[in-house]
Each structure stands twice: as structure tokens, then as C-alpha cells.
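As the structure lists them, so they are numbered: ligands from 1, and atoms in each ligand from 1.
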Amino acid sequence: MTSAPAPRPLTLITGATGGIGRATAFALAPDHDLILQGRSRAALEDLQREVQLQHPHTRTELLELDLLRPDTFAAAADLRPTHLVHNAGVAELGAVAKQTHDRWTWTLAVNVVAPAELTRLLLPSVQAARGTIVFINSGAGLRANAGWASYAASKHALKALADALRQEVADSGVRVASLYPGRTATPMQQAIREQEEAAYDPAAFIQPATVADVVRYVLAAPRDVSLDDVAVRPGPR
Ligand SMILES: NC(=O)c1ccc[n+]([C@@H]2O[C@H](COP(=O)([O-])OP(=O)(O)OC[C@H]3O[C@@H](n4cnc5c(N)ncnc54)[C@H](OP(=O)(O)O)[C@@H]3O)[C@@H](O)[C@H]2O)c1
């Protein structure tokens with residue numbers, strides 16, 4: 001007698017239309033159904049078409065949300081995901097002496113408040129499925145360098161969110177992972193290089209597909225481990 005195949009997990013990826021988010025969608029599509037979150041309906045539909053072309057058996061749902069509007073998140077709870085990949089993020093460089101409160105508020109709202117609120121709303125579904133919650137953090141979540149205060153503060157706060165949550169949900173079988181990528185070749189990194197007045201050579205940085213493969217591994221890891229903190233540093237050249 002053959003046993004029934006395990007149901008496909010349903011995985012929410014925030015910032016799915018960005019560099020790492022998009023790569024994660026393609027990395028997971030062979031064996032996950034996907035909820036693709038983004039701000040632009042057109043960009044989400046383009047991504048959905050591309051995923052379905054390559055993986056016709058993958059179910060994709062679109063979640064159009066501005067992460068600056070947590071008051072609009074409630075509908076996401078109806079989607080009942082197994083796993084969450086909190087990937088969306090923003091970064092703007094600036095010295096503490098120069099960066100104004102609106103940039104701080106924006107950075108903390110997208111990078112910390114939104115994942116906290118989405119987690120709160122979706123936790124019952126992840127707990128029911130004994131799923132995994134992945135936070136795409138950054139090397140800046142472990143070290144704060146000059147010119148990076150608002151972004152590093154948001155990512156340090158994201159690490160605190162993940163660490164506290166891990167303890168809170170351990171009894172329900174939910175795993176919580178923080179990934180700390182180094183510089184990765186995405187539109188965010190291109191914008192950062194412009195702010196640094198430095199050249200942008202995508203080949204010089206980690207490839208988004210490599211980070212996505214790490215996400216895939218963290219979600220698929222055998223249940224006898226929890227990959228709590230995963231540094232994804234550039235390999236030696
Ligand atoms: N690239 C790096 O070097 C690097 C290194 C370490 C960690 N990270 C982290 O990796 C994650 C992904 O970054 P990435 O490099 O892939 O950047 P990206 O290409 O700029 O993608 C960022 C994503 O976040 C979304 N986003 C931004 N503001 C939003 C808002 N208000 N509401 C909804 N979505 C919003 C963007 O949506 P739109 O497409 O609508 O703009 C986009 O999909 C971030 O958390 C980042 O901090 C990146």
C-alpha cells in the first residue's frame with residue numbers, strides 16, 4: 001500500500017517582487033504553494049505568470065499590501081500559511097547627525113513593525129501546521145557601522161523579535177530562524193552603492209538565488225534541528 005503524499009506547504013513570502021523575495025519564490029516553487037506579497041498588483045501578476053510557466057502545479061496567491069499600513073493586514077489571516085518568510089525590507093544610509101525622524105519611522109515600520117504584526121495575525125495558522133518562520137535579517141543585525149544606524153537598529157530589533165518569538169512558540173513546534181546575509185546583488189544593494197557613491201557590480205556580491213537556496217534549506221531542514229541563526233557571508237574569492 002502506498003501512503004498519500006504529504007500536503008504541500010503554503011508559504012508566505014513578503015517582498016516577493018524584490019531581489020531576494022523573487023529568487024525565494026522560484027527556489028520554493030517546486031514543492032511549496034506560495035502566497036506572494038507585494039505592493040504592486042502588476043508586478044505580482046508578472047511574477048505569478050513566470051512562476052506558473054515554470055511550475056504549472058504550484059498554486060500561487062497574491063497578497064497586495066503596503067507594509068506601512070498594518071491596519072490593512074487583517075485579511076492576510078484568512079490565507080492560512082504553513083511557513084512565513086519575512087523578507088521585505090528597506091534601507092537608507094545616513095549619519096545619526098543627519099537622518100531625520102521620518103526616515104527612522106519608515107525603516108522601523110517596514111523592517112520590524114510589519115513583520116511583528118503579520119506574525120501576530122498568522123501565528124495560529126503556522127502553529128497549527130507546526131511551520132517555520134524565517135526572518136531575513138542582515139549582517140547589520142549583528143554589527144552597527146557608521147552611517148547605518150537606522151537600518152542596523154531595525155535589524156537588531158528584528159533579531160530581538162525572532163529571539164523572543166522562538167522562546168514563545170517552541171512548545172507549539174514552530175521553528176524560528178534569522179538569516180543574516182552579507183551584501184547581495186539586488187535593487188536594494190544597487191541603491192545602497194549609489195548612496196555610497198561606489199560602483200555596483202552584481203557579480204561582486206552574493207547572488208539572490210544563493211540566499212534563496214539557504215531559505216529553502218532552513219524550511220526543509222530535518223525536524224531534529226532548528227537553524228536559529230544563519231550567517232550567509234560572502235565566500236572567499
Ligand atoms: N541586498 C542586500 O545586500 C541585503 C543584505 C542583507 C539583508 N538584506 C535584506 O534582504 C531583504 C530583501 O532585500 P532585497 O535586497 O531583495 O531588496 P529589494 O530588491 O529592494 O526588495 C525589497 C522588497 O521589499 C518590499 N517593500 C519595501 N517597502 C515596502 C512596503 N512599504 N510595503 C510592501 N513591501 C515593501 C519591496 O517592494 P516593492 O517591489 O514594491 O518596492 C521589495 O519587494 C531585506 O529585508 C533586506 O534588508 C539585503
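When only modelled atom types and interatomic distance are considered, D229 and Y180 share a side-chain donor-acceptor pair under 3.5 Å. Between the side chains of R39 and T17, no donor N or O sits under 3.5 Å from an acceptor N or O.
Near A88, meaning under 4.0 Å from one of its heavy atoms, ligand 1 places the atoms 24 (O), 25 (C), 45 (O). Near D66, with a cut-off below 4.0 Å to any heavy atom, the atoms of ligand 1 are 30 (C), 31 (N), 32 (N). Contact atoms of ligand 1 toward G19: 16 (O), 18 (P), 19 (O), 21 (O) (distance under 4.0 Å to a heavy atom of the residue).
Nearest-heavy-atom check against atom 17 (O) of ligand 1 across Q189, R22, M188 picks out M188. Looking at V85, T186, L67, N137, it is L67 that brings a heavy atom closest to atom 32 (N) of ligand 1. Selection from P208, G89, G18 by nearest heavy atom to atom 24 (O) of ligand 1 gives G89. Nearest-heavy-atom check against atom 4 (C) of ligand 1 across G182, S138, P187 picks out G182. Between R39, Q190, Q37, it is R39 that holds the heavy atom closest to atom 30 (C) of ligand 1.
The aromatic rings of F26 and H55 sit tilted relative to each other, their planes meeting at an angle between 30° and 60°.
Close to ligand 1: L65, with a non-hydrogen atom less than 4.0 angstrom away.
In summary, of the residues considered (E45, H32, Q48), a side chain to side chain donor-acceptor pair (under 3.5 Å) with T60 occurs for Q48 alone.
One finds the CZ atom of R120 at 4.0 Å from the CD atom of E117 (value rounded to the nearest 0.5 Å). A distance of 5.5 Å separates OG1 of T186 from CD1 of I20, quoted to the nearest 0.5 Å.
Between R166 and D228 there is a salt bridge, with a side-chain nitrogen of the basic residue lying less than 4.0 Å from a carboxylate oxygen of the acidic one.
Contacts of T184 with ligand 1, taken as heavy-atom pairs under 4.0 Å, involve both backbone and side chain.
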